[in-house]
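Structure record follows, encoded as structure tokens.
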Amino acid sequence: MAQVRPTHPHYEADMLSVEDARERILSFFRVLEAEEKPLLQALGQTLAEDIRSPFNLPQWANSGMDGYAVRAEDIAGASGSSPRVLPVMGTVAAGQMPARRLEPGTAVRIMTGAPVPPGADAVVAFEDTDELERKASGRGVGEIGIRKAEPKGASVRPAGEDVRAGEIVLARGVALSPAAIGVAASVGRTSARVVRRPVVAVLSTGDELQLPGEDLAPGKIYDVNGYSVAGAVLKAGGIPNVLGIAPDDPAAMNAKISEGLQADVLITSAGVSKGDYDFVKDVLGERGSVEFWSVRMRPAKPLAFGLLRGPFGRQVPHIGLPGNPVSALVAFEQLCRPALLKMQGRTRLDRPVVDATLEDAIRNTDGRRVYARVRVSRRDGEYVARLTGPQGSNVLTPLSRANGLAICPEDVPVLNAGDKAKVQMIDWPEEAML
Ligand code: AMP
Ligand code: MG
């Protein structure tokens with residue numbers, strides 16, 4: 001494969017590219033086991049079986065209109081000025097079966113969705129009959145005047161139009177949407193086998209943190225990442241197990257990590273930059289392996305990745321996100337979300353990317369891939385992207401206003417206003433663009 005030659009003056013060769021970091025992480029994740037779940041609870045999960053229909057759908061030819069079932073040949077040439085008058089042999093409502101065959105030269109009153117009687121091959125809508133006038137004049141509908149010559153098959157929905165008996169209606173690997181659980185219900189299912197959701201332990205670390213709801217002591221800040229990362233886990237289909245805060249103290253950290261090892265993956269934040277790295281290394285190193293990476297991205301350069309010894313000899317992957325709230329979420333988006341989707345049996349792991357024209361410049365000062373927080377909108381049929389505020393990794397509100405991350409590539413020192421950029425749409429599901 002051709003090497004991309006980095007041209008940025010500050011390029012550091014020993015940093016991992018975002019792709020390499022992602023591949024390394026993904027290699028430790030597998031698709032989780034299947035579970036049987038009631039359909040509604042399985043919404044959003046990946047189907048772990050093929051669902052077949054035991055019957056044709058619809059099961060019988062049925063009416064597409066409220067009207068009169070007839071033989072097309074009996075109403076040939078009918079019009080407003082020359083109606084065909086037919087005796088009405090009964091009514092079929094939705095949910096009933098027709099009592100008998102339709103005899104030539106007769107009609108049966110029929111409702112939408114009701115089975116078309118054998119012998120009938122067309123339905124004429126009420127509007128194209130003289131039913132209203134007959135009712136208004138008190139004559140009743142013992143017979144009916146047909147005012148339109150409908151062809152064979154008119155307003156008749158054939159049996160098996162949607163699905164043939166035995167056909168797969170939902171294939172393994174499909175993410176269950178509202179329409180998909182409707183399809184499962186239409187073939188009589190109440191539950192489905194789906195890939196279970198991953199349980200993700202979320203741990204915030206740092207002596208400066210306190211939980212919202214408490215009075216802030218001097219010098220302390222509220223724990224942001226416990227909420228934001230757990231929210232991102234939920235949005236990615238995972239089940240967060242929020243462990244709270246571990247102060248920078250080995251005993252406290254060890255106790256929290258023990259709790260986290262019940263999960264499928266442990267995500268911590270902070271303690272991975274040069275300052276407190278050694279402490280985290282000591283604590284995690286005793287419970288498995290841990291590596292500290294520099295990823296060629298901004299924000300979120302420092303990252304820890306490890307494998308911890310869990311219960312029953314299970315290895316529990318650990319991803320250590322940087323502490324700054326924007327870094328934590330951007331690293332989650334690039335590196336954790338794909339892993340959670342992979343565990344759920346998804347094959348599309350990337351957000352949709354659009355080409356947008358920048359309204360502000362994005363600067364790349366040191367040869368890392370920049371993920372700038374932007375709001376994408378459409379103007380004259382084109383996407384435009386505007387920065388949502390200051391781009392410091394500690395400044396969170398601009399990310400809360402962003403719907404995209406605009407990328408300035410590693411080897412591009414600046415993208416100016418008016419330039420095109422690729423933008424990852426962080427509020428679009430990965431299926432949004434095909
Ligand atoms: P650290 O990686 O521990 O050096 O943290 C980097 C920065 O992120 C520091 O300013 C921390 O106070 C901040 N930080 C770390 N964890 C959190 C958190 N859970 N919520 C808000 N800020 C945090
Ligand atoms: Mg810290």
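First listed ligand is number 1; within each ligand, the first listed atom is number 1.
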Ignoring hydrogens and angles, state whether a donor on the side chain of Gln45 or Glu35 is under 3.5 Å from an acceptor on the partner side chain.
yes
Measure the distances from the heavy atoms of Gly206 to every atom of ligand 1 and state whether one is below 4.0 angstrom.
no
With a 3.5 Å distance limit and no angle check, can you tell me whether Lys256 reaches the backbone of Leu243 through a side-chain donor-acceptor pair?
yes
Atom 1 (P) of ligand 1: of Gly320, Gly271, Pro302, the nearest heavy atom sits on Gly271
Taking only heavy atoms of Asp223, which atoms of ligand 1 are found under 4.0 Å from at least one of them?
18 (C), 19 (N), 20 (N)
Taking only non-hydrogen atoms of Ser273 and a 4.0 Å limit, the atoms of ligand 1 in range are 1 (P), 2 (O), 4 (O)
Test item, Pro322 contacting ligand 1 (heavy atom, 4.0 angstrom)
no
Using a 3.5 Å cut-off on N or O atoms only, is Ala270 in polar contact with ligand 1?
no
Which of the atoms of ligand 1 are close to Leu209, meaning less than 4.0 Å from one of its heavy atoms?
17 (C), 18 (C), 19 (N), 20 (N)
Would you say Gln344's side chain and Ala236's backbone share a donor-acceptor pair under 3.5 angstrom?
yes
Would you find more than 12 non-hydrogen atoms of other residues, nucleotides or ligands less than 6.0 Å from Ile168 atom CD1?
yes
Hey, which atoms in ligand 1 end up nearer than 4.0 Å to a heavy atom of Ile221?
12 (O), 21 (C), 22 (N)
Counting both backbone and side chain atoms, is some N or O of Gly323 under 3.5 Å from an N or O of ligand 1?
yes
With respect to atom 10 (O) of ligand 1, which of Asn324, Leu396, Thr268 exhibits the smallest heavy-atom separation?
Asn324
Any side-chain to backbone donor/acceptor pair from Asp264 onto Pro198? Under 3.5 Å, distance only.
no
For Arg189 and Leu39, indicate whether the former's side chain and the latter's backbone hold a donor-acceptor pair under 3.5 Å.
no
Thinking salt bridges, do Arg375 and Glu359 make one under a 4.0 Å N-O criterion?
no
